[in-house]
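See below for the structure under consideration.
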Amino acid sequence: MPELPEVETVVRGLREKLTGREIDSIISYREGTVIDERSEERDYGNIIGIHRKGKYILIDTDSNTTIMIHLRMTGKLVFDQPAEESHHCRAEMKFTDQTNLIFDDVRTFGKINILDKGSEEMKLSFLGIEPFDKGFDVEYLQKKLSGRKAPIKNILLDQSVIAGLGNIYVLEILHRAKISPLRKSSDIKKREIAAIIHETKEVLREAISKNGTTISDFRRVDDKTGEFQKFLRVYGKHYCKCKSEILRVKQAGRTSYYCPVCQK
DNA sequence: ATTGCTTCCTGAGCGC
DNA sequence: TGCGCTCAGGAAGCAA
């Protein structure tokens, strides 16, 4: 499931492969996957920049256009692959030099929004802070947690609090910070908040350096898998490194994994 | 204001 | 072999 490190990995791949290419067409093979919301009809233009906000991929062109892509759970962007080789091809971007980019998405939740440049600002204004921003510090998180009765796990998953975390990384962060995902947010102590901040940056940095986590579907732009799944400590595990059994519980509709001995 | 449930969707894995 | 059930989950939308 693409979270910040996987999206960052894809963005880096896209930047290398797509920068400077001219978009000839964008084909939607499924109703609702590609949505052109621009104020007027015009060419897509040449790709001049690719970046990321939270889990959203943003592709800028010189035609006053920003292409916003969200992979959701099973979306993949694969460069230079014939559409017929992709099992669940939902959309395709064709370039004037005959190369292409395939949007493959088994569960069809992913979306490609074609926008007037700048209008993504408003659309993404609900997003919270980026984990690598200077402002992501104890003071920021303390403010967000104070008075909140929901479990810490739920708050960390909230994109309007921190942009980019998903189920896997939130659980890895809490395990490294030695905090149970069940803890009430307002009860988390200052030094524990500091641990969460530190481990968030650390886990994300490590995961990006390993090209993200592939559990089942995630692929890089060259269709290779990530490697961080080898370094997970709780997600999907049966035993903690301390030999205790990892517990599984449902929180906000998602499975949480945690070690009742290491995490308090 | 905050919280939590349902919905979208398909394929894998399991029991019978 | 094949059927039906459960599970995986990001974010929107809605209800309490």
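Within every chain, numbering begins at 1; the chains are lettered A, B, ... in the order of the sequence lines, protein sequences first and strands thereafter.
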Send over the distance from [X] [atom1] to [N] [atom2], rounded to a whole Å.
{"X": "A:L182", "N": "B:dG4", "atom1": "CG", "atom2": "P", "value": "12 Å"}
{"X": "A:Y257", "N": "C:dG9", "atom1": "OH", "atom2": "P", "value": "7 Å"}
{"X": "A:R30", "N": "B:dT10", "atom1": "CZ", "atom2": "P", "value": "7 Å"}
{"X": "A:E3", "N": "C:dG9", "atom1": "CD", "atom2": "C1'", "value": "10 Å"}
{"X": "A:K153", "N": "C:dG10", "atom1": "NZ", "atom2": "C1'", "value": "12 Å"}
{"X": "A:I168", "N": "C:dG10", "atom1": "CD1", "atom2": "C1'", "value": "12 Å"}
{"X": "A:D104", "N": "B:dC9", "atom1": "CG", "atom2": "C1'", "value": "14 Å"}
{"X": "A:D158", "N": "C:dG9", "atom1": "CG", "atom2": "P", "value": "18 Å"}

Test salt bridge (Lys or Arg N to Asp or Glu O under 4.0 Å) applied to A:E206 and A:R176, step by step: CA-CA 13 Å; A:E206 285 177 30; A:R176 290 184 185 214; 3.0 Å; yes
Examine the side chains of [X] and [Y] and answer whether a donor and an acceptor come within less than 3.5 Å of each other.
{"X": "A:N113", "Y": "A:E37", "answer": "yes"}
{"X": "A:R38", "Y": "A:T65", "answer": "yes"}
{"X": "A:Y169", "Y": "A:E199", "answer": "no"}
{"X": "A:S39", "Y": "A:D116", "answer": "yes"}

Does the plane of the ring in A:F79 sit parallel, tilted or perpendicular to the ring in A:F95? Use 30° and 60° as the thresholds. tilted
Any [X] side-chain N or O less than 4.0 Å from OP1/OP2 of [N]:
{"X": "A:H88", "N": "B:dG11", "result": "yes"}
{"X": "A:R107", "N": "B:dG11", "result": "no"}
{"X": "A:Y169", "N": "C:dG10", "result": "no"}

Between [options], spot the one nearest the side chain of [X], thanks.
{"X": "A:K149", "options": "B:dC9, C:dG9, B:dT3", "result": "B:dT3"}
{"X": "A:R90", "options": "C:dG9, B:dT10, C:dC7", "result": "B:dT10"}
{"X": "A:F109", "options": "B:dG4, C:dG10, C:dA8", "result": "C:dG10"}

Nucleotides 11-16 of chain C: protein proximity per nucleotide (B base, S sugar-phosphate only, - neither; heavy atom, under 4.0 Å): BS----
Base, sugar-phosphate, or nothing: which does [X] touch, judged by heavy atoms less than 4.0 Å apart?
{"X": "A:A150", "value": "sugar-phosphate"}
{"X": "A:K250", "value": "sugar-phosphate"}
{"X": "A:T74", "value": "nothing"}

Answer whether the closest heavy-atom distance between the side chains of A:L71 and A:D105 falls below 4.5 Å. no
Do A:L115 and A:I67 have side chains that approach each other closer than 4.5 Å (heavy atoms only, starting at C-beta)? no
Would you kindly compare A:M73 and A:I155 by the position of their nearest DNA chain B nucleotide and give the one closer to the 5′ end? A:I155
